[in-house]
Enquirer: 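Dropping the structure in here first, questions after.
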Amino acid sequence: MKTVAYPLIFAATFSPALAMDQSLVRQFEKLDPQTRLEQRCDTEAMERINADKSTFKPDKVIAYTFAEPVMKEDKMKAPGAVFRSKGEWYKLKFKCLTDAEHLDILSFEYKIGELVPRDSWDEFYLYP
């Protein structure tokens, strides 16, 4: 299901996770469980946004820019995330549910917010 409204774009996808490269899986397996959950969900956010029919091409997601993510067991909510696309930062919210190993995504929802003005990048440690 996808609803588009300016300036926000909402997409919820409940299909199986996109296939991960095995070298990426090996890298995730080296991380402690909480870091793995965050990194796996950040990676899923980039993959989902990139696969969406939008013009965004994300190359970085930060889950904690405007608010700390909430993690509990296999779930992560990131109400204050951002992503970078083509040198610009955009606000992002997402909810992520993984398997017990934090490698497979069981459900993922996201909502793209407004452009983060360049004059506030320094305050939030954002970079081009």
Enquirer: Which atoms form the tightest heavy-atom contact between C41 and M76, and what is the distance?
Expert: CB-SD, 3.9 Å
Enquirer: Identify the heavy atoms of A63 and E38 that sit nearest to each other, and give their distance.
Expert: CB-OE2, 3.9 Å
Enquirer: Are the side chain of R40 and the backbone of D104 linked by a donor-acceptor contact shorter than 3.5 Å?
Expert: no
Enquirer: Rounded to the nearest 0.5 Å, how far does SG of C96 lie from CE of M71?
Expert: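 Answer for the CE-SG pair, M71 versus C96, is 10.5 Å.
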Enquirer: I'd like to check E47 versus N50 (side-chain heavy atoms, cut-off strictly below 4.5 Å). Are they in contact?
Expert: no
Enquirer: Kindly give the heavy-atom pair with the smallest separation between P69 and Y64, and that separation in Å.
Expert: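 Looking at all heavy atoms of both residues, the shortest contact is CD-CB, 3.6 Å.
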Enquirer: Please indicate whether K72 has more than 12 foreign heavy atoms, meaning atoms of other residues, nucleotides or ligands, lying under 6.0 Å from its NZ.
Expert: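 Incorrect, the count does not exceed 12.
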Enquirer: Which distance, rounded to the nearest 0.5 Å, do you find between the CD of Q39 and the NE2 of H102?
Expert: 12.5 Å
Enquirer: Take the angle between the ring planes of F66 and F124 and call it parallel below 30°, perpendicular above 60°, tilted in between.
Expert: tilted
Enquirer: So, taking the atom named CD in E123 and the one named OG1 in T65, what distance separates them when rounded to the nearest 0.5 Å?
Expert: 11.5 Å
Enquirer: Between L126 and Y90, is there a shared hydrophobic cluster once you connect ILVMFWY residues whose side-chain heavy atoms come closer than 4.5 Å?
Expert: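 As far as the 4.5 Å side-chain criterion goes, Y90 and L126 are not connected within one cluster.
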Enquirer: Under 4.5 Å between side-chain heavy atoms, hopping through other hydrophobics if needed: is there a path connecting Y127 to V82?
Expert: yes
Enquirer: Between R36 (side chain only) and L103 (backbone N and O only), is there a donor and an acceptor less than 3.5 Å apart?
Expert: no
Enquirer: How close do D59 and M46 get, heavy atom to heavy atom, and via which atoms?
Expert: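 Nearest heavy atoms, D59 then M46: C-SD, 3.4 Å.
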Enquirer: Answer yes or no: does atom CD of E29 have more than 12 heavy-atom neighbours from other residues, nucleotides or ligands under 6.0 Å?
Expert: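 Yes.
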Enquirer: Hey, does the side chain of W121 reach the backbone of E88 with a donor-acceptor pair shorter than 3.5 angstrom?
Expert: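 No.
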Enquirer: Do L92 and W89 sit in one hydrophobic cluster, given that two such residues count as connected whenever their side-chain heavy atoms are within less than 4.5 Å of each other, even indirectly?
Expert: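 L92 and W89: separate clusters.
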Enquirer: Kindly compute the distance separating NZ (K77) from NZ (K95), expressed to the nearest 0.5 Å.
Expert: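 It comes to 5.0 Å.
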Enquirer: To the nearest 0.5 Å, how far apart are CD in E73 and CG in L37?
Expert: 11.0 Å
Enquirer: Give the minimum heavy-atom separation between Y110 and D52, together with the two atoms involved.
Expert: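 For Y110 and D52, the tightest heavy-atom pair comes out as OH-OD2, 3.1 Å.
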Enquirer: If the test is side-chain contact (heavy atoms from CB on, under 4.5 Å), which one of D42, I112, V116 qualifies with F83?
Expert: I112
Enquirer: Might you confirm whether atom CG of D122 has over 12 heavy atoms from other residues, nucleotides or ligands at distances under 6.0 Å?
Expert: no
Enquirer: Specify the closest pair of heavy atoms between K60 and I62, including all atoms of both residues, with the distance to one decimal.
Expert: CE-CG1, 4.0 Å
Enquirer: Can you tell me how far apart CG (L97) and CD1 (I105) are? Round to the nearest 0.5 Å.
Expert: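 Interatomic distance, L97 CG to I105 CD1, rounded to 0.5 Å: 8.0 Å.
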